[in-house]
Amino acid sequence: MHNIFNDEQKALLNLPPRNDTEAESLAHYNFPEGLLKFEGQEFIFPDGFNVDVIAKWLEESLLSVEIEVDAVIQAECARCLKVTSLEISENLGYLYYLHSAEEEAVDDFGDYMPVEIDYFGKVIDIMPQIQESIFTLLPTKVLCKEDCKGLCPNCGADLNEGPCSCKIESVDPRLEALRNFVIE
């Protein structure tokens, strides 16, 4: 399985005519199945993922780009290590603006994540924002279910399947002093 992003990958978006704030540019990108390593965890995209993009001029030097990501990911549960599937689907907005634009104009569009560029040509590469969108949508902690009991620290049994056969009552040595603590 290959990494879903590589250094040479580009996602070129044709820009709508600059003098027409009603025109939109639409694009669809389909990424094949692959693997993504992020924050020490591996995420598998078994069916790849789709990205839909809408670009529209808000002003002469302000371009809104809406990026919608749809994917099913698989990753190990942080507690029991079972592979679990999660669906991610979100629409994120980016505001492309010229380096020379007034900061106040950019601040007026607070719901968008700003992207400063040097010039607008006929196309822009939105791959960095697609990658950022994916990274933003990935969970920081994957759980197979909210109340996952995890694995027994002694024998490694999956506690979701029932109690383990450990007879040893283990207490974290850092908490041993609390064993005789009585609340009155």
Side-chain angles (χ1 to χ4, degrees), residues 1-11 13 26-54 64-95 109-115 125-184:
M1 187 156 298
H2 67 282
N3 190 336
I4 59 170
F5 297 122
N6 62 51
D7 293 336
E8 300 86 37
Q9 227 168 356
K10 294 192 181 298
L13 175 67
L26 306 174
H28 176 79
Y29 303 95
N30 188 334
F31 292 84
E33 69 175 283
L35 170 75
L36 179 62
K37 294 181 181 183
F38 181 65
E39 297 290 326
Q41 185 153 0
E42 289 186 356
F43 295 93
I44 298 170
F45 291 75
D47 301 320
F49 65 95
N50 294 309
V51 176
D52 289 315
V53 180
I54 299 173
S64 75
V65 177
E66 302 282 334
I67 297 176
E68 182 178 346
V69 176
D70 289 308
V72 173
I73 59 171
Q74 294 177 340
E76 286 184 344
C77 174
R79 293 182 186 157
C80 71
L81 304 179
K82 284 185 182 172
V83 174
T84 187
S85 292
L86 303 168
E87 190 173 322
I88 57 174
S89 181
E90 189 71 37
N91 189 4
L92 299 169
Y94 292 90
L95 181 65
F109 298 95
D111 292 343
Y112 291 89
M113 292 181 265
V115 180
D125 182 12
I126 61 169
M127 182 54 77
Q129 285 64 51
I130 290 174
Q131 291 174 340
E132 181 179 329
S133 296
I134 291 290
F135 294 143
T136 301
L137 297 175
L138 291 175
T140 55
K141 185 177 186 179
V142 175
L143 296 176
C144 60
K145 57 186 179 180
E146 201 59 38
D147 62 342
C148 177
K149 295 177 182 170
L151 302 175
C152 172
N154 289 324
C155 68
D158 186 346
L159 298 175
N160 294 309
E161 297 174 4
C164 66
S165 59
C166 289
K167 303 276 189 236
I168 304 169
E169 183 184 326
S170 69
V171 173
D172 186 331
R174 297 169 292 180
L175 301 175
E176 186 64 40
L178 297 176
R179 183 184 290 277
N180 299 323
F181 185 71
V182 178
I183 298 176
E184 295 180 23

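Treat the numbers as computed from the prediction; the structure is a model and nothing was measured. All residue numbers in this chain count up from 1 along the given sequence.
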Chemist: Do Tyr94 side-chain atoms and Val115 backbone N/O form a donor-acceptor pair below 3.5 Å?
Modeler: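 Not confirmed, Tyr94 side chain does not pair with Val115 backbone.
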Chemist: Let's go through Phe43 and Val142 carefully: what are the C-alpha distance in whole Å and the side-chain angles of both, what is the deciding distance for side chain to side chain contact (heavy atoms under 4.5 Å, CB included) to 0.1 Å, and is it a yes or a no?
Modeler: CA-CA 10 Å; Phe43 295 93; Val142 175; 3.8 Å; yes
Chemist: Evaluate the side chain to side chain contact (heavy atoms under 4.5 Å, CB included) criterion for residues Thr84 and Leu143: first the C-alpha distance (whole Å), next the side-chain angles of each, then the deciding distance (0.1 Å), finally the verdict.
Modeler: CA-CA 8 Å; Thr84 187; Leu143 296 176; over 6 Å; no
Chemist: To the nearest 0.5 Å, what is the distance between CG (Leu137) and CD1 (Ile73)?
Modeler: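 The CD1 atom of Ile73 is 9.0 Å from CG of Leu137, to the nearest 0.5 Å.
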Chemist: Which heavy atom of Leu86 sits nearest a heavy atom of Pro139, and at what distance?
Modeler: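 Leu86 and Pro139 have their closest heavy atoms at CD1-CG, 3.8 Å.
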Chemist: Nearest 0.5 Å please: distance from the CD1 atom of Ile126 over to the NZ atom of Lys10.
Modeler: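 The distance works out to 12.5 Å.
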Chemist: Give a yes or no answer on whether the side chain of Asn160 reaches the backbone of Lys149 with a donor-acceptor pair at less than 3.5 Å.
Modeler: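 Yes; at least one donor-acceptor contact below 3.5 Å.
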Chemist: Starting at CG of Asn3, measure out to CD of Glu42 and round the result to the nearest 0.5 Å.
Modeler: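 Here the rounded value is 10.0 Å.
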Chemist: For Cys148 and Cys144, work out which heavy atoms get closest and say how close.
Modeler: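 For Cys148 and Cys144, the tightest heavy-atom pair comes out as SG-SG, 3.7 Å.
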Chemist: Using the six-membered ring wherever Trp is involved, compare the ring planes of Phe49 and Phe31 and label them parallel, tilted or perpendicular (cut-offs 30° and 60°).
Modeler: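 The rings of Phe49 and Phe31 lie parallel, inter-plane angle below 30°.
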Chemist: Can you tell if the side chain of Asn154 reaches within under 4.5 Å of the side chain of Cys164, non-hydrogen atoms only?
Modeler: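 Counting from C-beta outward, Asn154 and Cys164 never come under 4.5 Å.
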Chemist: Considering all heavy atoms of both residues, which atom of Lys141 and which atom of Arg79 are nearest to each other, and what is their separation?
Modeler: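 Of all heavy-atom pairs spanning Lys141 and Arg79, the closest is NZ-NH2, 3.9 Å.
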Chemist: With under 30° as parallel and over 60° as perpendicular, where do the rings of Phe135 and Phe38 fit, or are they tilted in between?
Modeler: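 Geometry flag for Phe38 against Phe135: parallel rings.
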Chemist: Side chain of Asp125, backbone of Ala11: donor and acceptor closer than 3.5 Å?
Modeler: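 It does hold such a pair.
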Chemist: How long is the gap from CD1 on Ile134 to CD1 on Ile4, to the nearest 0.5 Å?
Modeler: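 With rounding to 0.5 Å, CD1 (Ile134) is 5.5 Å from CD1 (Ile4).
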Chemist: Is the backbone of Glu76 close enough, under 3.5 Å, to the side chain of Gln41 for a donor and an acceptor to pair up by distance?
Modeler: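 Pair found, side chain donor or acceptor close to backbone of Glu76.
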Chemist: Calculate, to the nearest 0.5 Å, the distance between atoms CG and CD belonging to Leu35 and Gln74 respectively.
Modeler: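 Those atoms lie 11.0 Å apart.
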Chemist: Are the side chains of Leu151 and Asp158 in contact, using a 4.5 Å heavy-atom criterion?
Modeler: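 Yes - at least one pair of side-chain heavy atoms lies under 4.5 Å apart.
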Chemist: With rounding to the nearest 0.5 angstrom, report the CG to CD distance, Asp52 to Glu66.
Modeler: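 Asp52 atom CG to Glu66 atom CD measures 12.0 Å (nearest 0.5 Å).
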Chemist: Show the nearest heavy-atom pair for residues Ile67 and Ser133, with the distance to one decimal.
Modeler: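 Here Ile67 and Ser133 meet closest at CG2-OG, 3.9 Å.
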